[in-house]
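What follows is a short report on a single structure.
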Amino acid sequence: MKKIALLGSTGSIGKSTMDIVARHPDQFKVTALAAGRNLEILSQQIKLFKPSLVSVHQQEDAQKLRQQFPAMPAEIVYGDEGVVAVACHPDADLVISAIVGAAGLRPTLAALKEGKNVALANKESLVIAGKIMTDEVRRHDKVILPIDSEHNAIFQVLRGNERDALKRILLTASGGPFFKRSLDELRGISVEEALKHPNWDMGAKITIDSATMMNKGLEVIEATWLFGVGADQIDVHIHPQSIVHSMVEFIDGSILAQLGVPDMRCAISYAMAYPQRIESGVESLNLFEVESLNFYKPDLKKFRCLYLAMEAVRVGASMPAVLNAANEIAVAAFLEKKIGFLDIAVVVEEAMLAHPIKDLITLDDVLEVDGWARRQAQDIIQKRGHS
Ligand code: MG
């Protein structure tokens with residue numbers, strides 16, 4: 001029986017994880033859960049899975065839950081410390097890190113420091129603290145199990161192959177809802193339009209990142225850390241059908257791909273059951289219905305965020321952390337309709353230009369740069385509002 005600590009249980013990845021646990025009650029037990037403010041879904045999960053530790057974002061929510069479940073033996077904690085307690089739960093064999101954004105860093109790193117097996121959906125933590133996290137993974141002789149569908153595909157394809165034989169990664173991207181629109185057409189995109197992803201059903205932040213292609217930029221950075229490759233070994237391919245989840249080319253010219261219908265349960269179940277495979281509930285791919293698989297080169301003028309992410313990898317050190325933090329603030333401002341769609345890249349770029357590069361050695365270094373970039377992005381947004 002694998003015991004699971006799940007960070008971000010009420011989000012899209014969290015719910016899919018619970019679905020797989022429910023399909024295999026003999027193989028998995030949810031021992032600890034951390035959620036944000038969605039108490040309705042969290043309550044259902046507590047009833048169904050009976051974890052022994054639950055963490056919520058705020059103290060008042062912890063009190064509400066306690067009143068709701070007076071007889072429940074679970075301990076209820078809250079705040080940053082609460083999430084870390086879930087991540088480091090002594091019984092957990094596998095920690096699934098599915099909190100969105102830089103907020104996932106502290107608990108994920110805490111789990112790695114404890115020598116836990118970590119399945120990672122929280123790409124931002126690797127983007128901002130890749131060196132610190134991978135050093136910790138190496139120290140404990142572990143591997144990070146990627147849940148991001150592209151990285152999970154690459155991880156699957158690399159299995160059984162020598163790393164030295166890897167020539168390049170062909171990272172696929174859906175291109176989001178706007179890849180066929182002109183730059184001019186992107187100017188007036190509304191929040192509602194940007195939130196409609198053609199293939200994947202995901203949370204708001206990642207859906208906007210997908211529309212700007214910042215998501216792919218973050219994934220390029222994530223891949224450099226997960227697979228020890230340079231950004232020059234990663235070629236982004238827009239593949240609107242989202243059937244090929246990514247590919248690897250080896251030195252002999254062979255390209256291996258992982259394919260499937262776009263359903264996150266495939267990647268999540270692979271990470272959960274690794275090194276085995278289990279039934280995931282994902283339906284079979286019908287290639288006769290798909291008919292054709294298409295690939296396009298991304299237009300970096302149109303998708304400025306992808307270009308900026310490539311630049312951030314090239315510069316390295318603290319720049320990816322600045323890119324990520326400024327993007328989180330800019331996306332939130334776009335969702336609140338304070339800035340336009342194309343302004344997201346402008347805010348990120350201005351924050352990057354204003355940033356004095358530094359090495360990130362400790363978690364505090366990362367959090368300091370993260371905080372700086374957030375304030376910087378807020379200032380930029382405010383000034384734009386007044387101009
Ligand atoms: Mg992905």
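This is a predicted model, so every value here is computed, not measured. Counting starts at 1 for both ligands and their atoms, following the listed order. Along the sequence shown, residues carry numbers from 1.
- Note on ring orientation: taking the six-membered ring where Trp is involved, the planes of Phe178 and Phe341 are perpendicular (angle over 60°, cut-offs 30° and 60°).
- No option in Ile96, Val118, Val83, Asn122 other than Val83 meets the side-chain contact (heavy atoms from CB on, under 4.5 Å) test with Leu7.
- A salt bridge does not link Asp135 with Arg139: none of the charged nitrogens is closer than 4.0 Å to a carboxylate oxygen.
- For Glu150, the N/O/S atom at the shortest distance from the Mg ion (ligand 1) is named OE1.
- Atom OD1 is the N/O/S atom of Asp148 found closest to the Mg ion (ligand 1).
- Distances from the Mg ion (ligand 1) to each N, O or S atom of Glu219 single out OE2 as the nearest.
- By the 4.0 Å N-to-carboxylate-O rule, Arg168 lies close enough to Asp235 to be salt-bridged with it.
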